[in-house]
Amino acid sequence: MIFVTGGAGFIGSNFIHQWLKFEKEDILNIDKLSYSGNLENLKNIEKNPLYKFVQQDIVDQNKIFDLLLEYKPRAFIHFAAESHVDRSIHSPLEFVKTNLLGTFSVLEATRLYWSNLTEKEKEVFRFFHISTDEVYGSLDDNDPAFDEEKKYEPNSPYSATKAGSDHLVRAYFHTYGLPVLTTNCSNNYGSFQFPEKLIPHMICNALEGKNLPIYGDGKNIRDWLYVEDHCEAIRLVLSKGKVGEVYNVGGNNELKNIDVVETICSILDELKPKAVGSYKDQIVFVKDRLGHDRRYAVSTKKIESMLGFMPKESFKTGFRKTIEWYLNNPEWVANVQSGDYKKWIKINY
Ligand code: NAD
Ligand code: TYD
């Protein structure tokens, strides 16, 4: 069996679907179900005998240790985090709790469990930390893409707490020999993403006839990776990655925010045309995010040359699939837009 934390969120739920499809090995999902955790993402596999769910905050180390003793997994994949930069600007404490204390808690519980395994079990065990390219800081237009040697220069409470969690993982390898793997991935998009993040936010607002709010001048750049490609990279690193190593993961798809939003509008104009005009008419420029990082770009040379990873989806094909998914799942969208979502939109926009 393997454990995942945060499996009811965007990337974690996509990972569980892919795991059950290709690996056919038991998987236990530990998730506290914060505002972004949604069991609807897992509805069509909840009865799969290989899948189990436990509602649990990762900060409770004793509970995590008990689960480890009960199920004896061979790997622990740690997705759970507070993940939205804008929220980290409004409420940084939650980020310190989950991203720093939570990661410490799962590392410490895992270390205690791992140190009592047999030598053979110890050797094959893996603790896999899912992290972000944002820990490396911000690039200017002509700077080279982040490679794994890039100095950490996190700028938001989100990226600072993720950077701290990466350092804890590194320290558990160097100090205790815990067999860890870390990936630092660029911006993901795809099905089941909570519509506070740029791409689903723009799709949902466009369809509802609302403004499409672009921060600042819209020229900030992100590298976009289709979530299923990210999940493939994680499975590859889990099976073939070298213990103690860090792998950057990216889509080789650098785009300005304005180009992302205009592309979404063009695809929507084709798939669900408005009675009059284009969805582009809904674009508005709004006050910039505090401390807004200008550009992220990821060098994927290491994971390509060492493990043979190549993303399957291009920006164009992945975007179309994603927009089609949101168009085909209006109930999911309506359900996640109740409750906390409404409060958040009031606070941020
Ligand atoms: P998400 O916000 O959609 O999901 C996070 C999940 O973690 C939710 O299910 C939530 O309930 C759970 N969670 C939060 N706090 C918890 C706690 N204290 N205990 C237990 N569960 C808790 O986030 P996501 O986009 O799926 O991101 C998953 C991971 O991938 C994060 O570690 C994030 O830093 C990393 N990452 C995300 C992206 C991206 O573009 N979304 C890119 C690179 C890396
Ligand atoms: P986001 O999806 O929040 O990811 P991150 O900040 O982790 O990269 O935002 C992606 C980019 O889109 C980022 O430069 C901020 C910008 N953005 C907007 O312009 N408007 C919005 O409403 C949102 C949510 C983001």
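Just follow the structure's listing: the first ligand is 1, and inside any ligand the first atom is 1. Sequential numbering from 1 along the given sequence is applied to the chain's residues. Please read all numbers here as calculations on a predicted model, not as lab measurements.
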[atom]: nearest protein contact (heavy atom, Å):
{"atom": "atom 7 (O) of ligand 2", "result": "E134 OE2, 2.5 Å"}
{"atom": "atom 4 (O) of ligand 1", "result": "G9 CA, 3.4 Å"}
{"atom": "atom 6 (O) of ligand 2", "result": "R289 NH1, 2.5 Å"}
{"atom": "atom 37 (C) of ligand 1", "result": "I11 CD1, 3.4 Å"}
{"atom": "atom 19 (O) of ligand 2", "result": "Y215 N, 2.9 Å"}
{"atom": "atom 8 (O) of ligand 2", "result": "R222 NE, 2.7 Å"}
{"atom": "atom 33 (C) of ligand 1", "result": "Y158 OH, 3.5 Å"}
{"atom": "atom 14 (O) of ligand 2", "result": "H292 NE2, 2.7 Å"}
{"atom": "atom 40 (O) of ligand 1", "result": "N188 N, 2.8 Å"}
{"atom": "atom 43 (C) of ligand 1", "result": "C185 O, 3.3 Å"}
{"atom": "atom 20 (N) of ligand 2", "result": "P213 O, 2.8 Å"}
{"atom": "atom 16 (C) of ligand 2", "result": "N257 ND2, 3.4 Å"}
{"atom": "atom 16 (C) of ligand 1", "result": "K32 CG, 3.7 Å"}
{"atom": "atom 14 (C) of ligand 1", "result": "A81 O, 3.6 Å"}
{"atom": "atom 29 (C) of ligand 1", "result": "F79 O, 3.1 Å"}

Please report whether ligand 1 has a polar contact with [X], defined as an N or O pair separated by less than 3.5 Å (distance criterion only).
{"X": "D31", "value": "yes"}
{"X": "H78", "value": "no"}
{"X": "K162", "value": "yes"}
{"X": "D57", "value": "yes"}
{"X": "Y35", "value": "no"}

For ligand 2, the portion of [X] having any non-hydrogen atom under 4.0 Å away:
{"X": "K197", "answer": "both"}
{"X": "Y349", "answer": "side chain"}
{"X": "N187", "answer": "side chain"}

Around atom NZ of K63, are there more than 12 heavy atoms of other residues, nucleotides or ligands at under 6.0 Å?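 Counting neighbours around NZ of K63, 12 or fewer heavy atoms of other residues, nucleotides or ligands fall under 6.0 Å, so no.
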Hey, is [X] one of the residues with a heavy atom under 4.0 angstrom from ligand 1?
{"X": "L33", "value": "yes"}
{"X": "E94", "value": "no"}
{"X": "S186", "value": "yes"}
{"X": "G7", "value": "no"}

The single option from W325, F10, F15 passing ring pair (Phe, Tyr, Trp, His ring centres under 6.0 Å) against F192: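 Between F192 and the candidates, ring pair (Phe, Tyr, Trp, His ring centres under 6.0 Å) is satisfied uniquely by W325.
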Lys/Arg cation over aromatic Y176: R111, 6.0 Å, 45° cone: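 The answer is yes; both the distance and angle limits are met.
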K150 NZ/CZ over Y136 ring centroid, <6.0 Å and within 45° of normal: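 Output no; distance or angle outside limits.
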Pick one: which of D288, N220, D86 meets side chain to side chain donor-acceptor pair (under 3.5 Å) with Y215?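 Looking at D288, N220, D86, the match for Y215 under the side chain to side chain donor-acceptor pair (under 3.5 Å) is D86.
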Ring center gap for [X] and [Y] short of 6.0 angstrom:
{"X": "F319", "Y": "Y189", "value": "yes"}
{"X": "F3", "Y": "H78", "value": "no"}
{"X": "Y35", "Y": "F194", "value": "yes"}

Which heavy atom of Y349 sits nearest to which heavy atom of P213, and what is that distance?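 For Y349 and P213, the tightest heavy-atom pair comes out as CE2-CG, 3.6 Å.
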Quick check: does [X] get an N/O under 3.5 Å from an N/O on ligand 2?
{"X": "D86", "result": "no"}
{"X": "V85", "result": "no"}
{"X": "W224", "result": "no"}
{"X": "L198", "result": "yes"}
{"X": "N220", "result": "no"}
{"X": "E196", "result": "no"}

Flag, side chain of D229 to backbone of K312, donor-acceptor distance under 3.5 Å: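 Yes.
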Check ion pair [X]-[Y] (N to O, under 4.0 angstrom):
{"X": "E313", "Y": "K321", "value": "yes"}
{"X": "E94", "Y": "K97", "value": "yes"}
{"X": "R87", "Y": "E196", "value": "yes"}

Side-chain contact, heavy-atom cut-off 4.5 Å: I214 with V261?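 Result yes, sub-4.5 Å side-chain heavy-atom pair found.
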With a 4.5 Å heavy-atom cut-off, do H129 and T103 have their side chains touching?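 Yes, their side chains come closer than 4.5 Å.
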Where does F192 meet ligand 1, judged by heavy-atom distances below 4.0 Å: at the side chain, the backbone, both, or neither?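 It is neither part, as no heavy atom is under 4.0 Å.
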Of the backbone atoms (N, CA, C, O) and the side-chain heavy atoms from C-beta on, which set of N184 has a member under 4.0 Å from an atom of ligand 1: side chain, backbone, both, or neither?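 For N184, there is no contact with ligand 1 at all, from either part.
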According to the interplanar angle, ranging from 0 to 90°, do the rings of F146 and Y296 count as parallel (below 30°), tilted (30 to 60°) or perpendicular (above 60°)?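 F146 and Y296: tilted rings.
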Residue pair Y51, W19: steps toward the ring pair (Phe, Tyr, Trp, His ring centres under 6.0 Å) verdict: CA-CA 10 Å; Y51 171 72; W19 184 264; over 10 Å; no
Look at the side-chain heavy atoms of Ile, Leu, Val, Met, Phe, Trp and Tyr, link any pair under 4.5 Å apart, and say whether I45 and M1 land in one connected group.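 Unlinked, I45 and M1 end up in two clusters.
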